[in-house]
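Inspection log for the structure reproduced underneath, given as structure tokens.
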Amino acid sequence: MAKGKLKRTMLYIPGNNPAMVQNGAVYGADSILLDLEDAVAVNRKEDARVLVRNMLDFIDFGDVEVTVRINGMDTDYAIDDMEAIVPQKPDAVRIPKINTENDIKKADEIITRIEKENGIKAGSTMIHAMIETAVGVENAFSIATCSQRITALTIGAQDLTADMQVVKTDTGEEIAYARQRIVMAAKAAGIAAIDTVYADVDDEEGLIKETEMIKTIGFDGKAVINPRQIKPVHDVYMPSDDAIEKAKIIVEANIKAQKEGVGVFAINGKMVDAPVVARAERVLELAGVDAGGLK
Amino acid sequence: MKNSIGREIPQSVDGIDNIVPYQGEWAIVNSIKSGSSFKAPQALKVKPVDHVKVCDNLEECLDKLELHDGMTISFHHHMRGGDGTIVPVIESLAKRGLKDITLASSSLTGAHEPLVPYVEDGTITRIFTSGCRGKLGKAVSAGKLKKVAVFHSHGGRARAIEAGRIKIDVSFISAAAADEAGNATGSWGKSACGSLGYAMIDSEYSRQVVVVTDNLVEYPCLPSSIKQKDVDYVVKIDSIGDPEKIAGDTTRITKNPMDLRIADLAAEAMIKLGYVKNGFSFQCGAGGASLAVARFICDYMRKKDIKGGFLLGGITSVMTDMLEEGLFDLAFDVQSFDAAVSKSIYGNEKHIEISASQYANPLNCDCMTHKLDTVVLAALEIDTDFNVNVLVGSDGNIRGASGGHSDTAAGASLTVLVAPSIRGRLPIVKKNIHTVVTPGASVDLLVTEKGICINPLRQDLKDKLEGSGLPIRDINELAEEVERICGKPEEPEFEDKVVAVVEYRDGSIIDVIRKVKS
């Protein structure tokens with residue numbers, strides 16, 4: 001599987017906890033999110049930055065996508081964070097509290113400079129834009145499309161509800177619009193949409209319910225704050241056995257059709273075209289079936 | 001001389017007759033021809049019909065017993081950390097000036113630290129046990145016992161007693177309920193501990209048998225795990241231990257994400273290998289990741305409507321819940337782990353108490369561990385040949401127990417070890433380990449958080465798991481990676497003096513434990 005292809009789970013790990021960073025990749029999350037922002041106290045920012053920088057250099061995280069959440073562009077830490085992290089070539093940096101495309105452009109310029117100074121291929125550091133203000137929500141599409149580096153929009157519910165001056169509820173009516181708007185902007189831009197965390201780690205049932213909902217409205221996955229939340233989320237995204245079998249038939253038929261130079265073909269009398277094949281491939285990807293192994 | 005896994009075994013060890021080096025899991029089993037050897041004699045213990053067994057206190061009973069220097073006395077460890085029998089008995093024997101006692105307990109726990117002074121003053125000079133911890137473990141490692149200690153597995157102990165390697169002069173069997181004739185059980189009473197599986201063997205083979213209880217009940221005491229036909233005396237005392245520590249809290253599944261990750265991988269592997277199917281039998285350790293495997297297996301069984309055959313071994317309340325729910329047909333219990341289990345063994349006819357011989361003795365017609373399909377076990381350390389240490393800590397001191405580890409590992413069709421590759425800052429998977437308890441030949445899979453290592457002896461498992469999507473690792477590469485992260489810890493230093501031998505379940509010597517340099 002190509003690195004970072006699936007984004008069902010992004011596991012937050014405090015950037016100043018060496019044992020947790022060291023073991024971050026083993027829990028089976030699609031992506032890990034080494035946090036320099038909210039999980040780290042103000043007087044530990046420097047420690048966390050150095051630790052994460054060194055860990056990125058030292059630890060083999062395997063196939064897991066590695067992202068680092070830096071501090072917001074409005075803080076004194078953001079530039080230092082990027083100076084330390086970008087040279088270690090994480091798959092992406094997650095930038096919190098993005099309000100407008102200008103925030104992204106500012107970050108893009110800094111990252112471009114650091115890439116150049118360190119001989120890193122220009123444009124190889126991706127950005128996940130974290131939207132957690134009312135302004136950010138309303139600007140979602142322009143944020144999503146203002147830089148080639150942006151590969152995901154994410155929503156941060158705690159800060160967003162604070163900005164909206166509403167209380168975060170279990171059912172999430174207060175952020176329903178924001179979720180839908182962010183998903184649509186991401187889909188329109190052809191990038192991933194990642195949902196906010198589910199804060200009660202002991203409430204597996206609640207996590208499953210929320211994940212089912214965000215999957216239904218189009219999110220590609222969810223940030224998680226405890227390794228115990230990974231499996232329930234993946235289970236929600238796991239296609240049924242029936243769907244997997246059907247997808248295998250479609251993908252196999254498509255491979256055969258490709259060999260024969262046929263564009264559109266039929267299975268059991270039903271036409272199969274490119275979108276149907278793409279959906280079937282996505283089902284196999286979620287099921288962990290290697291489409292390359294099919295004949 | 002070296003045994004077949006390359007461990008250096010002395011030609012002779014003081015006080016141990018006939019050292020036989022380990023030569024493979026089944027070498028001794030296969031070498032014994034039917035009828036060529038015989039079990040140890042059981043004493044013919046005839047009592048007059050007016051013989052009164054009940055003694056009002058321990059001293060009265062000790063007065064009646066035949067006691068002598070150099071004798072062997074036995075106990076069970078079903079009361080675990082709450083045991084209140086071993087220490088008072090040893091104290092009384094010491095007061096009587098008895099010396100050179102061999103203590104043959106099925107295991108020893110933290111509750112037995114007060115025995116250290118009796119080791120130091122020569123009251124106890126030898127120990128046969130499955131495990132040893134805390135200050136007592138350190139005392140043995142420091143060479144304070146006059147004679148070499150013997151660590152055996154649970155099945156190995158039953159074998160040693162039945163074969164006459166351990167000849168017991170007096171067995172003190174604490175029981176949660178007993179009648180005046182000596183019928184006794186662990187399954188009910190204020191000090192309930194559940195099964196008395198280890199003590200059953202002692203009751204049959206000891207020259208003298210004493211039941212110690214804090215709950216003398218009307219005749220007949222049922223179920224009679226210990227039978228009146230074997231019992232010489234019954235002692236009524238105020239307390240046989242601390243009920244809180246005997247029964248403990250209800251065992252719960254860990255919330256530790258690392259253990260859960262390892263357990264999830266282990267369960268996935270067992271499922272993908274096709275072992276989780278109708279009628280399969282299952283055993284797992286009582287702690288951390290091992291027990292969590294049960295949870296994931298159960299989730300799968302519910303989803304696929306699978307019903308298992310039997311559960312075996314140390315039974316926890318997690319397993320009795322599985323039995324109650326109907327996920328398994330039966331539970332066979334040699335040792336129970338919490339209060340809920342005692343209730344289940346007493347009230348559920350599908351929960352059956354078994355003896356240690358029935359459980360795991362390799363030298364009988366057939367034992368239940370040999371019928372096991374799957375077992376999930378923990379480890380202190382594993383080397384790159386899959387050999388396992390569950391007995392000696394990283395500081396060289398004895399701090400664990402052999403238990404049923406090698407018994408189940410040898411018997412089960414699929415033996416799965418679950419362990420983190422690093423614990424604290426210490427490497428767990430490494431090139432060499434101090435002490436081997438279970439030979440690598442018995443281990444099929446090692447599941448760590450970093451992936452699954454398949455024993456090269458099991459090419460069939462490798463063929464099935466490769467391409468399954470599970471992370472497969474070469475154990476040598478994993479050990480190197482772990483060393484790269486942890487560095488090489490400073491190893492404890494040992495003297496030449498052997499302080500203990502580690503018996504394999506068949507009685508051969510798989511390893512020795514040497515004195516830690518002070």
Side-chain angles (χ1 to χ4, degrees), chain A residues 1 5-6 9 11-14 17-30 32 54-55 57-64 200-205 207-208 224-235 238-241 244 284-295, chain B residues 252-269 271-272 289 292-293 295-297 299-300 302-305 418-429 447-453 465-473 477-478 480-487:
Chain A
M1 187 188 302
K5 224 174 164 190
L6 285 175
T9 45
L11 174 65
Y12 270 111
I13 297 168
N17 185 322
M20 288 172 80
V21 175
Q22 196 265 113
N23 287 320
V26 307
Y27 297 111
D30 292 327
I32 57 169
N54 292 350
M55 286 295 218
D57 192 28
F58 182 71
I59 301 287
D60 178 7
F61 292 100
D63 284 339
V64 177
D200 185 350
V201 293
D202 288 325
D203 181 7
E204 192 175 307
E205 211 176 302
L207 171 68
I208 290 170
V224 294
I225 49 173
N226 187 299
R228 276 156 46 205
Q229 294 183 317
I230 295 167
K231 194 174 186 318
V233 173
H234 286 191
D235 285 349
M238 177 59 96
S240 67
D241 290 350
I244 296 167
L284 294 186
E285 190 189 350
L286 285 166
V289 176
D290 181 9
L294 299 176
K295 287 171 191 161
Chain B
R252 292 192 194 284
I253 304 277
T254 177
K255 284 187 174 178
N256 177 315
M258 180 69 79
D259 283 343
L260 289 172
R261 168 64 182 163
I262 295 167
D264 187 26
L265 274 180
E268 280 286 318
I271 291 164
K272 290 200 163 143
V293 175
R295 174 195 145 172
F296 293 119
I297 294 279
D299 288 347
Y300 178 78
R302 282 184 206 108
K303 212 161 111 189
K304 299 285 178 184
D305 204 16
V418 286
S421 64
I422 299 168
R423 198 178 275 130
R425 285 172 297 169
L426 294 171
I428 299 305
V429 182
V447 182
T448 74
E449 80 288 0
K450 294 188 196 300
I452 301 170
C453 304
L465 283 183
E466 269 175 355
S468 68
L470 289 171
I472 307 300
R473 300 290 309 263
E477 286 173 17
L478 179 62
E480 279 165 24
E481 184 187 327
V482 167
E483 190 177 305
R484 194 173 67 87
I485 294 168
C486 300

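Just so it is clear, the structure is predicted and the values come from calculations on it, not from any experiment. Note on naming: letters A, B, ... go to the chains in the order of the sequence lines (proteins, then strands), and numbering restarts at 1 for each one.
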Which atom names give the shortest non-hydrogen contact between Q22(A) and K450(B), and what distance separates them?
-> OE1-NZ, 3.2 Å
Report yes if the side chains of M258(B) and V26(A) come closer than 4.5 Å at any heavy-atom pair, otherwise no.
-> yes
Tell me, with the steps shown, if D202(A) and K255(B) meet side chain to side chain contact (heavy atoms under 4.5 Å, CB included).
-> CA-CA 10 Å; D202(A) 288 325; K255(B) 284 187 174 178; 3.3 Å; yes
With a 4.5 Å limit on heavy-atom distance, are the side chains of P257(B) and N226(A) in contact?
-> yes
In Å, rounded to the nearest 0.5 Å, how long is the span from CZ of F58(A) to CD1 of I485(B)?
-> 6.5 Å
Toward chain A, the part of D264(B) with a non-hydrogen atom under 4.5 Å = side chain
Pairwise distance CD1(I59(A)) to CD(E481(B)) - rounded to 0.5 angstrom | 8.0 Å
Quick one: what part of I422(B) sits under 4.5 Å from any heavy atom of chain A, side chain, backbone, both or neither?
-> side chain
Which atoms of R425(B) approach chain A - backbone, side chain, both or neither, heavy atom under 4.5 Å = neither
Name the region of D241(A), side chain, backbone, both or neither, that has any atom closer than 4.5 Å to a heavy atom of chain B.
-> side chain
